[in-house]
Amino acid sequence: MDFGFTEEQQMLRDNIRKFVNKEIKGSYAQDLDEDPEKMFIDEAMWKKIKDLGVFAMAVPEEYGGAGGTIMDDVIINEEFARGSAAVAMSFGATTGFGARTILFSGNEEQKRYFLPKIAEAEIRFALAVTEPGGGTDILGALKTFARREGDTFFVNGQKVFITNAHQADYLLTLVKTDKETAQRAKALTLFLIPVRDNPGITIRPLKKFTIKGASACEIFFDEARVPASHMLGELHNGWYELLKTLNHERIIVAALTNGIGQAALEDMVAYAKSREAFGRPIGQYQAIQHKIADTIMELEFAKLITCKAVWLLEAGRPCHLEAAMAKLVSSEMAFKAATRGLDILAGYGVTLEYDMQRYFRDSRQCTFSPISNEMVRNFIAEQYGLPRSY
Ligand SMILES: Cc1cc2nc3c(=O)[nH]c(=O)nc-3n(C[C@H](O)[C@H](O)[C@H](O)COP(=O)(O)OP(=O)(O)OC[C@H]3O[C@@H](n4cnc5c(N)ncnc54)[C@H](O)[C@@H]3O)c2cc1C
């Protein structure tokens, strides 16, 4: 067992960190968070990220990419989130719900059509699963229906809280395609619904106070068209196809919150060394040191469980539980890290001049999204033979 990065992984991490320190940390991240008009990275930043070669890393070489691994996805998303969770989300939705999902569930024709465009950062993706009736009991709440007429499906219904939908070219969307069956998991199909030139789609961003530089949108489908060739996997098998993507999504959210936790740790240590009280740096006081020590330990646990989930996913082994646990441990670690950071920065911590308040707000979103930590605890208990509680 080797707990270290390979030389390539170390180089990747160093490159992204250098980029994030220069281009994202500080004023770019703050502006993206504070300007209500900005709900996505701007075109110039999209281009800079493209030039880093990281979109291509999610795509195998045979489809025009650079053939990066899931661990590379984790390194990239963690490092982006160390500068800005919104930047990580704006990038990660396309590599996750585009490249990785198409690799998990797409046919050869779909791979040849979509993957080279993703490698070149020409198209953007969002995941549209949650509906107004609820995100946790998604099988019970899902009402959006697609009706088939020849080679086209017509979609009617509504989704909510969809990250970056207002920027997406394709919505990875779970819809009902069978109203007859009593088996809810076998009534659903996964589609890549094109947004451009599709008049049946209306998208409206909601105002929110977490990860403000990435939108959360309502989507209304009114006879929206999707060609049958954009179906991922088999008809009525969409739930099972989606599960493959959800493990990756949870691992990426774990990486993202590890990035927030890392940033909170670095900022609290720097502040503890420079802020003085009673004639000494506050970092000399044990109460402050213990908060920092707890954060260091919890961040280490979170990174380790994330790596274990990656290891299982890359080996093609079941990782449903580990991916969900990584998301839970990392999101709670990041929120606790930011909470301790606010204790240490005290008055300055709540001002917008310091990033700690942003880490606190941004990490909070990830304790219930993409899956609530209550639901993860349900799964964990069930694994140990306890009866399903819902
Ligand atoms: C900013 C943001 C971005 C998002 N981005 C996306 C996206 O891109 N795509 C997408 O599809 N969705 C997205 N979501 C939706 C997200 O996945 C849901 O918010 C999440 O699944 C929870 O669903 P809900 O908000 O409807 O809460 P509910 O399902 O209504 O749950 C409410 C509360 O009840 C608890 N609860 C429910 N059932 C149980 C149970 N059996 N046991 C214990 N507790 C239970 C939950 O844990 C939670 O605390 C996003 C949400 C937000 C806020």
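Both ligands and their constituent atoms are indexed starting at 1 by order of listing. Along the sequence shown, residues carry numbers from 1. None of the values given here were measured: they were computed from a predicted structure.
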Who gets closest to [atom] by heavy atom: [options]?
atom                    : options                        : value
atom 20 (C) of ligand 1 : Phe209, Tyr390, Phe368         : Phe368
atom 42 (N) of ligand 1 : Asn378, Leu242, Ile371, Ile219 : Asn378
atom 27 (O) of ligand 1 : Thr136, Val376, Leu171, Thr163 : Thr136
atom 49 (O) of ligand 1 : Lys212, Arg377, Glu374         : Glu374
atom 16 (C) of ligand 1 : Ser215, Ala141, Cys217, Ser369 : Ser369

(Q) So for atom NZ, which belongs to Lys308, do other residues, nucleotides or ligands contribute more than 12 heavy atoms lying within a distance under 6.0 Å? (A) no
For [X], counting its heavy atoms only, list the atoms of ligand 1 lying under 4.0 Å from any of them.
X      : value
Gln365 : 1 (C), 2 (C), 3 (C)
Gly134 : 26 (O)
Leu127 : 7 (C), 8 (O), 9 (N), 10 (C), 11 (O)
Ile162 : 7 (C), 8 (O), 9 (N), 10 (C), 11 (O)

Q.
Looking at Asp355 and Arg358, is there a salt bridge between them, counting it only when a charged N and a carboxylate O are closer than 4.0 Å?
A.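 Looking at Asp355 together with Arg358, the answer is yes, because their closest N to O distance falls below 4.0 Å.
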Q) Do you see a protein non-hydrogen atom under 4.0 Å from atom 34 (O) of ligand 1? A)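 Protein heavy atom within 4.0 Å of atom 34 (O) of ligand 1: absent.
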Q) Could any protein non-hydrogen atom be found less than 4.0 Å from atom 30 (O) of ligand 1? A)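 Given the 4.0 Å cut-off, atom 30 (O) of ligand 1 does not count as touching protein heavy atoms.
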**Q.** atom 12 (N) of ligand 1: nearest protein contact (heavy atom, Å)
**A.**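 In this structure, atom 12 (N) of ligand 1 has Thr130 OG1, 2.6 Å as its nearest protein heavy atom.
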Q) Can the ring centres of Phe153 and His230 be said to be less than 6.0 Å apart? A)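 No: the rings miss the under 6.0 Å criterion.
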Q.
Could you check whether Tyr170 and Phe97 have their ring centres less than 6.0 Å apart?
A.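 Between Phe97 and Tyr170, the centre distance exceeds or equals 6.0 Å.
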Q: Please identify each residue that fulfils side chain to side chain donor-acceptor pair (under 3.5 Å) with Thr144, with sequence neighbours left out.
A: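 Only Glu131 meet the side chain to side chain donor-acceptor pair (under 3.5 Å) criterion with Thr144.
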Q | Residue list, side chain to side chain donor-acceptor pair (under 3.5 Å) with Thr295, at least two apart or on another chain | A | Arg340
Q.
Apply side chain to side chain donor-acceptor pair (under 3.5 Å) to residues Gln262 and Lys303 and explain how you reach the verdict.
A. CA-CA 10 Å; Gln262 178 71 41; Lys303 287 182 178 177; 2.7 Å; yes
